[in-house]
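All values below were derived from every heavy atom in this structure, side-chain atoms included, with hydrogens, water molecules and symmetry-related copies excluded.
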2 protein chains.
Amino acid sequence: MRPDPFQRNCGSRQVIDRIGDRWSVLVVLTLADGDRRYGELAEHIDGISQKMLTQTLRGLERDGLVTRTVHASVPPRVDYALTGLGRSLLDLVSGLESWATTHLAEVQAARVRYDADLPRRSPTGTARPTRPSRR
Amino acid sequence: MRPDPFQRNCGSRQVIDRIGDRWSVLVVLTLADGDRRYGELAEHIDGISQKMLTQTLRGLERDGLVTRTVHASVPPRVDYALTGLGRSLLDLVSGLESWATTHLAEVQAARVRYDADLPRRSPTGTARPTRPSRR
DNA sequence: CAGCATCCAACGGGATACTG
DNA sequence: CAGTATCCCGTTGGATGCTG
């Protein structure tokens, strides 16, 4: 009866998917050191579209990881904050962040090596049609 | 000069994306306790297609997280294993797994609560076409 | 067995325009 | 300001068939 993410229909896999979500990690990290307004999140997370930001926030809110607080003011102000559940995730995601930054160089080096070896897998080793000209 | 995943073009974000990849986590976890053959991976990770398995393995291999060893035998045998870099990720991904399993119930409860409140946002509160009948 | 190649449907996600 | 609603195209990813 233990949750097993290796089973396709187990909820724990959905949880992993949510955390593994491209933007969820960055949103949670941004909320790590305090509440943030919608616009602040959008500004801080470079490259996120508002559609994705909203969608990500709704997902996190639905899963009980963040709260959404609407202040009745003009102009409107909406604050997002981590819940206790969300904070319990902080060690994990910040660990993810630090792993990514500390091992970035190694990963990039590995990529260069891998890509350099790739031509050997080509038919003749010459005239490699990386992109078969489309169509 | 520190890598900053909040910048759209920083490599550290790509690293986070790779880890956050839907299948990468499960593949790494499967390789946690030893080498595995291609078929074993496919069997253990329920629901993964061979296209996705291959694609995920190539990505992990490219990033230097797993090795691919071809044994010249008939029938062919290919073993996948974590590299040192890959193993350095184990604490993180297993932490992710345990978080997912231990907090699964809370997340699911939060979802039920959230979804129960959703009708209030509907126009009338009745006749909610959750799935617009397809088409 | 361990894949690669191809086709195609479904979804993700960006850009844009509009609203309370 | 903080969204929602639409359009629309690129990518994802499953299914199928073939190969060393």
What is the distance from [atom1] of [X] to [atom2] of [N], rounded to the nearest Å?
X     : N      : atom1 : atom2 : value
A:E40 : D:dG3  : CD    : C1'   : 16 Å
B:R22 : C:dA10 : CZ    : P     : 17 Å
B:L53 : C:dA2  : CG    : P     : 10 Å
B:Q55 : C:dG3  : CD    : P     : 14 Å
A:M52 : C:dA15 : CE    : C1'   : 12 Å
A:R58 : C:dG13 : CZ    : P     : 17 Å
B:R77 : C:dG3  : CZ    : P     : 12 Å
A:H71 : D:dA2  : NE2   : P     : 10 Å

End-to-end axis angle, where each axis spans five pairs of the helix from C:dC1-D:dG20 to C:dG20-D:dC1, to 10° =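 Between the axes fitted at each end of the helix from C:dC1-D:dG20 to C:dG20-D:dC1 lies an angle of 50°.
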All N/O pairs under 3.5 Å across the protein-nucleotides 15-20 of chain D interface:
none

Using the side-chain contact (heavy atoms from CB on, under 4.5 Å) rule, take B:W99 and A:I16 through it: C-alpha gap first, then chi angles, then the decisive distance, then the call.
-> CA-CA 9 Å; B:W99 192 93; A:I16 289 182; over 6 Å; no
Pull out every residue in residues 26-39 of chain B that has a heavy atom closer than 4.0 Å to any atom of DNA chain C, ordered by number, or say none.
->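 DNA chain C contact set from residues 26-39 of chain B: B:R37, B:Y38, B:G39.
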Is there a side-chain contact between B:L26 and A:P5, using heavy atoms and a 4.5 Å cut-off?
->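 Yes, their side chains come closer than 4.5 Å.
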A:V74-A:V70 co-clustered via ILVMFWY side chain contacts under 4.5 Å =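 Each belongs to a different hydrophobic cluster.
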Path from B:Y114 to A:L89 over hydrophobic side-chain contacts below 4.5 Å |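 B:Y114 and A:L89: separate clusters.
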Take atom CD in B:Q7; do more than 12 heavy atoms of anything else shown fall under 6.0 Å from it?
->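 Buried by this count: over 12 neighbours within 6.0 Å.
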How far apart are the C-alpha atoms of B:Y38 and B:Q50, what are their side-chain angles, what is the distance that settles it, and do they pass the side-chain contact (heavy atoms from CB on, under 4.5 Å) test?
-> CA-CA 9 Å; B:Y38 182 89; B:Q50 48 89 286; 3.1 Å; yes
Does A:R68 have a side-chain nitrogen or oxygen under 4.0 Å from the phosphate oxygens OP1 or OP2 of D:dA2?
->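 A:R68 to D:dA2 OP1/OP2: no side-chain N or O under 4.0 Å.
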Cut-off 3.5 Å, side chains only: do A:R113 and A:Q108 have a donor facing an acceptor?
->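 There is no such pair between these side chains.
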Donor-acceptor side-chain pairing of B:T69 and B:Y80 below 3.5 angstrom |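 No donor-acceptor contact under 3.5 Å links the two side chains.
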For salt bridge (charged side-chain N to carboxylate O under 4.0 Å, His left out), just list the numbers for B:D79 and B:R36, CA-CA rounded to whole Å, side-chain angles, deciding distance to a tenth of an Å, and then say yes or no.
-> CA-CA 5 Å; B:D79 282 331; B:R36 291 297 186 103; over 6 Å; no
Going through the distances and angles, do B:L31 and B:L41 end up as a side-chain contact (heavy atoms from CB on, under 4.5 Å)?
-> CA-CA 8 Å; B:L31 294 176; B:L41 288 165; 3.9 Å; yes
Begin from the C-alpha positions of B:H103 and A:L85 and carry the test side-chain contact (heavy atoms from CB on, under 4.5 Å) through to its verdict.
-> CA-CA 8 Å; B:H103 295 285; A:L85 190 59; 3.5 Å; yes
